[in-house]
Amino acid sequence: MPLAGTFAEAAGELPEPLRLLIRDEVGSTNDEAQKLAEAGAADGLVVIAERQTAGRGRRGAEWFSPPGESLAFSLVARPGEPKPMWPRLALAAGVAVAEAIERHGLAAGIKWPNDVWVGRRKVAGVLVEAGRDFAIIGIGLNVNTLEFPPEVAETATSLALETGEPSDRAETLVAVLRRLEVRRRQIGGDFPALLDVVRQRCVLTGNAVRLTTSAGARQGRVEGIGASGELLLRTPAGVEAILQADEIRMAD
Ligand code: BTN
């Protein structure tokens, strides 16, 4: 793909029905996309911003995305599948990012359910938020960042840190969106195919972890990913299916 350049040029490289709306500065691209969806924006609108003044991660955490160095964008999706399947979009987005960044020769893993890791560090995060008849898929990807704030300095990485050279952000954006266009269609009947890839890439499988669910803290060993995309955790009480968890920490 010989694109090297600006987001405006990237707009012309996207598959149907994706359209790119480029903003200099917003609070959060997820909020911007949500407003547009509520006003009737069709499936496939992608809002990208150079600067987010209130970019956020899961559980309301701040998301660090320095202008000129990273990618922060959100897709309006109107899936045909029933709403209980929409959380699978987070898996689809993680897989899309992992596949796209492998163009750089990096081995990318999924830290279930929302993070993309290179080595043991986070290179991208996904925030899926559902509205009444739409879902917003927000993706933050560290592309050329070389220094992170102290809070995440030990756990974050970027494509540039991993490859030793800067990457073209517009090219990377197109690569992610092309994969996302394929993977987001697999949350229904084709979900087993998406699951296969999640299972191959899941960095937690086989590892001891500590996590917190709405039912309390858990500690155990991850056996894998179940048929609905849930995490299978072996604890002294047996195998528990984890549907949602706050921060998951490796215990080994
Ligand atoms: C996480 O790892 O906790 C999720 C991070 C998601 C960050 C992206 S950046 C684009 C979009 N806009 C936001 O405010 N958040 C998401």
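Position 1 is the first residue of the sequence, and the numbers go up from there. Only a predicted model underlies this, so the values are computations on that prediction, with no experimental measurement involved. Just so you know, ligand 1 is whichever comes first in the structure, and atom 1 is the first atom listed for that ligand.
- Protein heavy atom closest to atom 2 (O) of ligand 1, with residue, atom name and distance, is Lys122 NZ, 2.5 Å.
- Applying the 4.0 Å criterion to heavy atoms of Phe73 picks out, from ligand 1, the atoms 10 (C).
- Contact annotation: Arg59 has no heavy atom less than 4.0 Å from any atom of ligand 1.
- A salt bridge between Arg78 and Asp133 is present, with a side-chain N of the basic residue lying under 4.0 Å from a carboxylate O of the acidic one.
- Contacts of Val126 with ligand 1, taken as heavy-atom pairs under 4.0 Å, involve the backbone alone.
- The Thr29 neighbourhood of ligand 1 comprises atoms 10 (C), 11 (C), 12 (N), with distances under 4.0 Å to a heavy atom of that residue.
- Formation of a donor-acceptor pair under 3.5 Å by the Arg218 side chain with backbone atoms of Thr213 is not found in this model.
- Residue Arg58 approaches ligand 1 through these ligand atoms, each under 4.0 Å from one of its heavy atoms: 1 (C), 3 (O), 4 (C).
- Close approach of ligand 1 to Ser74 (heavy-atom distance below 4.0 Å) involves ligand atoms 11 (C).
- Nearest heavy-atom pair across Val76 and Ala33 is CG2-O, 3.7 Å.
- Close approach of ligand 1 to Gly57 (heavy-atom distance below 4.0 Å) involves ligand atoms 1 (C), 3 (O), 4 (C), 5 (C).
- Proximity of a side-chain donor or acceptor of Ser28 to a complementary backbone N or O of Gly55 within less than 3.5 Å is not detected.
- The shell of residues lying under 4.0 angstrom from ligand 1, judged by heavy atoms, includes Asn30.
- The only option from Leu71, Leu180, Leu75 that meets the side chain to side chain contact (heavy atoms under 4.5 Å, CB included) definition with Ile139 turns out to be Leu180.
- At a 4.0 Å heavy-atom cut-off, ligand 1 touches Asp115 through the side chain alone.
- Ligand 1 lies within reach of Gly55, whose nearest heavy atom is under 4.0 Å from it.
- When each of Arg184, Arg183, Arg178 is paired with Glu181, the salt bridge (Lys or Arg N to Asp or Glu O under 4.0 Å) condition holds for Arg184 and for no other.
- Backbone and side-chain nitrogen or oxygen atoms of Trp63 are examined, and none is located within less than 3.5 angstrom of a nitrogen or oxygen of ligand 1.
- For Ser65, the closest heavy-atom approach to ligand 1 does not fall below 4.0 Å.
- Annotation: side chain of Asp246 is not in contact with side chain of Arg58 (no heavy-atom distance under 4.5 Å).
- Taking atom 15 (N) of ligand 1 as the reference point, the nearest protein heavy-atom neighbour is Arg56 O, 2.7 Å.
- With Glu247 as reference, Lys111 is the one residue of Arg210, Lys111, Lys122 to meet the salt bridge (Lys or Arg N to Asp or Glu O under 4.0 Å) rule.
- Judged by distance alone, with hydrogens and angles left aside, the side-chain atoms of Arg51 form no donor-acceptor pair with the main-chain N or O of Pro66 at under 3.5 Å.
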